[in-house]
A.B. asks: 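Input: one structure, supplied below.
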There are 2 protein chains.
Amino acid sequence: MKLEEAKRNFVEAWGTLGTNWGINRTMAQIHALLMVSEQPLSTDEIMEILDISRGNANMNTRALIDWGLAERKIKLGERMEFFVGEKDIWKVAVKIIRERRKREIDPLRATLRDLKMIDDKEDKKEEYQKFMKLLDDIDGFADSADKITDKMVLADKNWFFGTMMKLMIK
Amino acid sequence: MKLEEAKRNFVEAWGTLGTNWGINRTMAQIHALLMVSEQPLSTDEIMEILDISRGNANMNTRALIDWGLAERKIKLGERMEFFVGEKDIWKVAVKIIRERRKREIDPLRATLRDLKMIDDKEDKKEEYQKFMKLLDDIDGFADSADKITDKMVLADKNWFFGTMMKLMIK
DNA sequence: ATTAATTTTCAATTTATTTTGAAAGTTCGA
DNA sequence: TCGAACTTTCAAAATAAATTGAAAATTAAT
């Protein structure tokens with residue numbers, strides 16, 4: 001396999017993975033493309049390489065910027081914008097975790113809190129308590145997950161996968 | 001809010017969360033419904049409560065069974081099948097992790113391994129090395145994630161969120 | 001063996017998501 | 001200030017995913 005071919009396959013594979021993680025295929029592919037590019041790429045280059053429309057390219061580069069997975073790079077003397085991808089896979093993971101938490105876990109926990117406002121405690125005592133326990137368990141689990149990911153978001157990669165992993169895995 | 005209302009809201013919220021995690025809405029809703037049910041439920045009851053078709057109910061109860069998130073329960077003297085949901089949120093998390101790993105992470109890692117079979121090492125030496133490093137980084141990250149989730153899959157809930165969390169969070 | 005009860009399948013439909021592309025908007029140099 | 005270069009928007013079209021429902025298959029009682 002040649003390098004260029006391998007890169008193409010990588011872009012495809014990353015796109016497929018993205019789909020499974022709530023990131024649309026194009027967004028993941030652009031990100032992969034930016035990860036394997038030596039140079040910043042323009043919208044036109046992205047359109048050309050991935051064979052997608054301008055609208056699509058524009059929407060998804062902006063989504064990547066929102067997520068912190070890419071940034072704009074202005075080249076002196078060039079009018080056009082160029083894009084650079086975050087290449088540190090640790091940072092990529094941290095940004096995805098942060099974004100998903102904001103969009104999914106936080107709202108879930110808010111919902112759980114609302115659900116605890118049940119006012120027929122006296123009726124169906126046992127059933128009520130079981131449901132309450134389920135809500136508490138879920139919230140407790142989410143809380144632990146939050147704490148782990150907090151650590152990850154704040155920690156340095158080497159600390160996390162060095163020191164901490166040793167504690168865990170040993 | 002009344003208990004029944006809270007349960008309905010919970011089923012909805014769980015359904016929404018599911019969508020974000022690659023589990024379709026109905027599957028997540030059935031699972032939520034089984035979690036909050038005191039009794040095993042029949043396909044007809046699930047259809048009735050969630051207002052879905054028989055085909056849909058059947059497909060998704062079976063999917064839940066495949067994932068290990070529900071099981072069939074035969075009632076003596078009853079012809080119909082009933083379903084019981086896994087209610088231990090720790091076990092639920094472990095089963096989802098295991099299933100997603102099987103379907104997504106394992107294939108990705110296999111792809112990464114294939115991509116390493118590049119035969120133009122000599123050309124474009126530096127570019128080749130950078131790409132190789134990216135693949136290694138991703139694989140290393142996936143490996144660490146695997147190890148953490150292995151621990152989770154094997155560990156006891158209390159150990160994991162007791163002992164281990166203390167080590168991590170402190 | 002018959003048939004009534006129940007489960008499974010799957011083509012057709014519905015719903016949700018993504019993509020296109022052209023028009024509108026913006027920016028900047030001359 | 002004009003206009004070319006470039007970016008953004010968004011309604012319509014295309015694609016993908018979930019759902020229906022009725023027919024086929026299976027199961028179990030008589």
A.B. asks: On a plain distance test, is the side chain of A/Arg79 in donor-acceptor contact with the base of C/dT27 below 3.5 Å?
C.D. replies: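 Result: at least one qualifying N/O pair found.
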
A.B. asks: Can you pull out the residues from residues 21-41 of chain B that lie within a 4.0 Å heavy-atom distance of DNA chain C?
C.D. replies: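 When residues 21-41 of chain B is checked for heavy atoms under 4.0 Å from DNA chain C, there are no hits whatsoever.
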
A.B. asks: Is any NZ, NE, NH1 or NH2 atom of the basic residue among A/Lys147 and A/Asp143 found under 4.0 Å from an Asp or Glu carboxylate oxygen of the other?
C.D. replies: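 Judged by the 4.0 Å cut-off on N to carboxylate O distance, A/Lys147 and A/Asp143 do form a salt bridge.
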
A.B. asks: Find the distance A/Ile74:CD1 to C/dT26:P and express it as a whole number of Å.
C.D. replies: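 It works out to 18 Å between those atoms.
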
A.B. asks: Rounded to the nearest 0.5 Å, what's the gap from NZ on B/Lys87 to CG on A/Leu134? Could you check?
C.D. replies: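 Those atoms lie 9.0 Å apart.
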
A.B. asks: B/Met80, B/Met47: one ILVMFWY side-chain cluster at the under-4.5 Å cut-off?
C.D. replies: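 The answer is no; the residues belong to distinct hydrophobic clusters.
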
A.B. asks: Taking atom P of C/dT18 as reference, at what distance in whole Å does atom CG of A/Leu50 sit?
C.D. replies: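 The answer, rounded to whole Å, is 16 Å.
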
A.B. asks: Tell me, which pairs form a side chain to side chain donor-acceptor pair (under 3.5 Å) where one or both residues lie in residues 6-23 of chain A, sequence neighbours left out?
C.D. replies: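 Found A/Lys7-B/Glu127, A/Trp14-A/His31, A/Trp21-B/Glu104.
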
A.B. asks: Starting at CZ of B/Arg62 and ending at P of D/dA18, how long is that distance when rounded to a whole Å?
C.D. replies: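 That distance rounds to 15 Å.
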
A.B. asks: Are B/Arg62 and B/Asp66 within salt-bridge range, i.e. N to O under 4.0 Å?
C.D. replies: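 Salt bridge flag = no for B/Asp66 with B/Arg62.
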
A.B. asks: Nearest-nucleotide wise, let me know which of B/Met59 and B/Asp44 is further upstream toward the 5' end of DNA chain C.
C.D. replies: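 On the 5' side of the pair lies B/Asp44.
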
A.B. asks: Please report the distance, rounded to the nearest Å, between CG in A/Asn56 and P in D/dA14.
C.D. replies: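 In whole Å, D/dA14 P lies 15 Å from A/Asn56 CG.
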
A.B. asks: In whole Å, I'd like the distance from the CG atom of B/Asn58 to the P atom of D/dT26.
C.D. replies: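 So the two atoms are 14 Å apart, to the nearest Å.
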
A.B. asks: Rounding to a whole Å, what distance do you find between B/Met47:CE and D/dA22:P?
C.D. replies: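 Nearest whole value for this atom pair: 11 Å.
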
A.B. asks: Is it the case that the side chain of B/Thr149 and the backbone of B/Met152 share a donor-acceptor pair, with hydrogens and angles ignored and the cut-off at 3.5 Å?
C.D. replies: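 Here the side-chain-to-backbone pair does not exist.
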
A.B. asks: C/dT7 P sits how many Å from B/Met80 CE, rounded?
C.D. replies: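 After rounding, the reported distance stands at 7 Å.
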
A.B. asks: Sequence neighbours left out, what passes ring-ring contact (aromatic ring centres under 6.0 Å, His included) with A/Trp67? Give chain and number order.
C.D. replies: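 Counting only residues at least two positions away or on another chain, A/Trp67 forms no ring-ring contact (aromatic ring centres under 6.0 Å, His included).
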
A.B. asks: Nearest whole Å is fine: how far is D/dT8 P from A/Phe83 CZ?
C.D. replies: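 Computing the A/Phe83:CZ to D/dT8:P distance gives 7 Å.
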
A.B. asks: Checking all strands, does B/Arg54 fall into the base, sugar-phosphate, or nothing category for heavy-atom contacts under 4.0 angstrom?
C.D. replies: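 Base, at least one base atom sits under 4.0 Å.
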
A.B. asks: The side chain of B/Ile52 is closest to which nucleotide in this list: D/dT9, D/dT20, C/dT9?
C.D. replies: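 Output: D/dT20.
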
